[in-house]
**Student:** 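Take this structure, written in structure tokens, and hold onto it; I'll ask about it next.
Every chain is numbered from 1, with letters handed out A, B, ... down the list of sequences.
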2 protein chains.
Amino acid sequence: MLGTQAAERLPMPAPTPAPSATSRRRAGRPTAAVLDQDGITTAALQLISRKGYDGLTMAGLARSLGVAPSALYNHVSSKDDVLVLLEDHLAAMVDVSAFGVEPWDVAVRQWAWSYRDVFSEHTPLIPIIAVLPVANAPKTLAMYEAVTAGFREAGFPEERIISAIVALEAFVFGAAYDVTAPEDIFDAGNLADQVPNFTAAVDRLALEKHERPTDVAFSLGLEALISGFGTLRG
Amino acid sequence: MLGTQAAERLPMPAPTPAPSATSRRRAGRPTAAVLDQDGITTAALQLISRKGYDGLTMAGLARSLGVAPSALYNHVSSKDDVLVLLEDHLAAMVDVSAFGVEPWDVAVRQWAWSYRDVFSEHTPLIPIIAVLPVANAPKTLAMYEAVTAGFREAGFPEERIISAIVALEAFVFGAAYDVTAPEDIFDAGNLADQVPNFTAAVDRLALEKHERPTDVAFSLGLEALISGFGTLRG
DNA sequence: CCAGTAAATGAATGCCATTCATTTATCTCC
DNA sequence: GGAGATAAATGAATGGCATTCATTTACTGG
């Protein structure tokens with residue numbers, strides 16, 4: 001009655017979501033899926049890149065897929081579930097290719113930098129991944145497998161491999177946040193006189209205008225971890 | 001009309017919030033503050049310890065203070081502002097007492113463990129602190145000053161002090177998340193056969209039943225950072 | 001052709017942070 | 001000691017959010 005557009009009553013056909021809908025069909029079941037988890041994941045990524053994580057709402061995601069918000073719940077059980085899909089998708093983008101090919105320290109370096117870079121654009125996922133059972137994230141699990149195999153091949157004592165990976169990962173996550181911090185985060189403002197040592201050290205760092213400070217800190221910490229862990233190898 | 005309780009119309013007097021209201025009076029200005037930032041902070045901490053961070057809502061916080069939600073906005077500009085108050089309060093609880101007293105490595109160890117323990121109970125604050133300009137958090141700034149002074153006294157090259165602290169902090173934040181992870185986070189479930197190296201390493205770790213795995217990983221990473229950074233001292 | 005079902009709709013729910021016009025109580029100044 | 005200013009409270013209203021549910025649609029296999 002209210003709307004003037006035609007075809008408003010036809011629910012199913014819905015103009016297939018612009019890009020890669022990928023609509024897989026599961027054998028022996030009703031097909032015609034307008035939506036699936038892959039499509040939701042890529043639409044969410046696009047939405048995030050356009051509007052950031054504040055723009056990632058179930059309503060917005062549904063709109064970008066040409067679908068009602070409630071329709072999403074046939075494919076994901078909650079918004080957190082969407083975040084898990086995103087996380088797992090991103091895990092597959094982390095570079096583990098050097099493990100088993102390059103020397104151990106080179107591989108770890110490459111993995112860690114890549115891991116940090118991927119998630120520094122997606123810090124809202126960190127609280128999710130840090131606590132996510134790996135069984136719910138197959139691509140994340142695959143990443144761990146590659147890294148673990150690399151450590152083992154490099155002669156790492158088996159009982160320390162997981163601990164070392166967990167420690168490296170903790171450092172990577174924290175560093176990912178650091179990337180997003182404002183440049184002037186360490187400007188003490190009017191409190192500067194009360195913290196002379198700190199202010200001096202901040203000023204001193206500012207003089208070295210080579211790399212981004214966040215990259216210097218990451219490199220410093222990562223190299224310490226690599227050389228510290230390197231001594232554990234048999 | 002609806003309510004049956006007496007005295008409902010009297011707005012100001014409000015039964016002073018049970019515990020430490022601390023009501024400071026600012027000279028030369030109207031006093032009678034039922035609310036202030038200290039009171040809000042401690043009420044928020046109590047609320048969190050009772051109901052967790054999901055229970056920390058502006059409405060709930062106001063209720064626990066015997067006040068209307070809108071009243072809070074006379075003292076904080078947003079909920080994020082409340083989180084900043086919390087963060088700064090917690091920063092003051094981090095143990096920096098060993099800097100300048102104990103040897104450098106002992107002081108760093110004590111600081112880092114304490115820092116992690118404090119924030120592992122308050123991980124929702126990590127995205128806040130990681131990006132918070134220090135000028136808005138005086139107690140946090142004081143912590144940095146103490147740490148910086150300790151590094152300097154220990155002969156650390158000035159241009160690397162901030163980077164080292166940032167790296168340590170990144171590790172601490174990531175490790176704080178790790179503490180909150182479920183025990184079975186590394187259980188691969190039915191995918192276990194596809195990740196044999198990983199599964200083996202996880203099982204191997206499980207055999208060593210001494211400490212919490214999260215503490216083992218933290219110790220491993222922290223000691224690597226300490227020994228790696230230790231070589232920088234002059 | 002029929003019955004079943006996956007997948008869509010859209011209206012409704014409840015919670016949330018935040019805003020605003022208004023009121024009250026106190027302080028400062030004359 | 002009264003006038004005016006102001007900090008600090010109220011409570012009603014707003015808009016956004018994730019999520020639920022009864023209902024409808026169109027495809028499927030028997």
Side-chain angles (χ1 to χ4, degrees), chain A residues 1-3 5 7-17 21 23-40 44 47 51-63 65-84 124, chain B residues 1-3 5 7-17 21 23-40 44 47 51-63 65-84 124:
Chain A
M1 297 291 191
L2 283 172
Q5 308 180 342
E8 269 207 337
R9 299 293 172 70
L10 308 176
M12 278 298 290
T16 95
S23 36
R24 297 165 177 261
R25 32 192 84 225
R26 292 198 272 156
R29 305 239 157 261
T31 66
V34 174
L35 246 41
D36 66 358
Q37 292 197 335
D38 275 2
I40 290 172
L47 188 54
K51 312 224 191 182
Y53 274 87
D54 284 349
L56 180 63
T57 66
M58 295 302 269
L61 185 52
R63 193 173 342 112
L65 284 160
V67 134
S70 50
L72 295 170
Y73 290 86
N74 287 317
H75 304 271
V76 296
S77 62
S78 66
K79 184 176 178 179
D80 267 14
D81 210 14
V82 175
L83 299 182
V84 169
Chain B
M1 296 293 191
L2 283 172
Q5 310 179 339
E8 268 207 336
R9 299 293 172 68
L10 308 175
M12 277 299 288
T16 94
S23 38
R24 297 165 176 262
R25 29 193 87 226
R26 293 195 274 153
R29 305 238 158 262
T31 67
V34 174
L35 247 39
D36 65 0
Q37 292 198 333
D38 274 0
I40 289 172
L47 188 52
K51 312 225 192 182
Y53 273 87
D54 284 348
L56 181 63
T57 68
M58 295 302 270
L61 185 53
R63 191 170 345 109
L65 284 160
V67 136
S70 51
L72 295 170
Y73 289 86
N74 287 319
H75 303 272
V76 295
S77 61
S78 66
K79 184 177 178 179
D80 267 15
D81 210 14
V82 174
L83 298 183
V84 169

**Student:** Can you tell me how far apart CG (A/N74) and CD1 (A/I40) are? Round to the nearest 0.5 Å.
**Tutor:** 9.0 Å
**Student:** Can you list the residues that meet the side chain to side chain donor-acceptor pair (under 3.5 Å) rule with A/S77, with sequence neighbours excluded?
**Tutor:** A/D81
**Student:** Nearest whole Å is fine: how far is D/dT10 P from B/R63 CZ?
**Tutor:** 14 Å
**Student:** Please state whether the phosphate of C/dA6, meaning OP1 or OP2, lies under 4.0 angstrom from any side-chain nitrogen or oxygen of A/H75.
**Tutor:** no
**Student:** B/L61 has an atom CG; how far is it from atom P of C/dC15, in whole Å?
**Tutor:** 18 Å
**Student:** Does any N or O donor sit under 3.5 Å from an N or O acceptor when you compare the side chain of B/N74 with the base of D/dA9?
**Tutor:** yes
**Student:** Figure out the CG/P separation between B/D54 and C/dC15, and round it to whole Å.
**Tutor:** 14 Å
**Student:** Looking at every heavy atom in both B/L47 and B/G55, which two are closest together, and how far apart are they?
**Tutor:** CD2-O, 3.6 Å
**Student:** In whole angstrom, what separates A/D36's CG from C/dA6's P?
**Tutor:** 16 Å
**Student:** Is there a side-chain contact between B/V67 and B/L61, using heavy atoms and a 4.5 Å cut-off?
**Tutor:** no
**Student:** Measure from CG on A/L72 to P on D/dA18 and round the result to the nearest Å.
**Tutor:** 10 Å
**Student:** Separation of B/D81 atom CG from C/dT18 atom C1', in whole Å?
**Tutor:** 13 Å
**Student:** Can you list the residues that meet the side chain to side chain contact (heavy atoms under 4.5 Å, CB included) rule with B/D80, with sequence neighbours excluded?
**Tutor:** B/S78, B/L83, B/I128
**Student:** Is there any protein nitrogen or oxygen under 3.5 Å from a nitrogen or oxygen in nucleotides 19-21 of chain D, and what are the pairs?
**Tutor:**
| residue | atom | partner | partner atom | Å |
| --- | --- | --- | --- | --- |
| D/dT19 | OP2 | A/Y73 | OH | 2.8 |
| D/dT19 | OP2 | A/K79 | N | 2.7 |
| D/dT19 | O5' | A/Y73 | OH | 3.4 |

**Student:** Using the rule side-chain contact (heavy atoms from CB on, under 4.5 Å), only one of B/D38, B/L35, B/V82 pairs with B/H75; which is it?
**Tutor:** B/L35
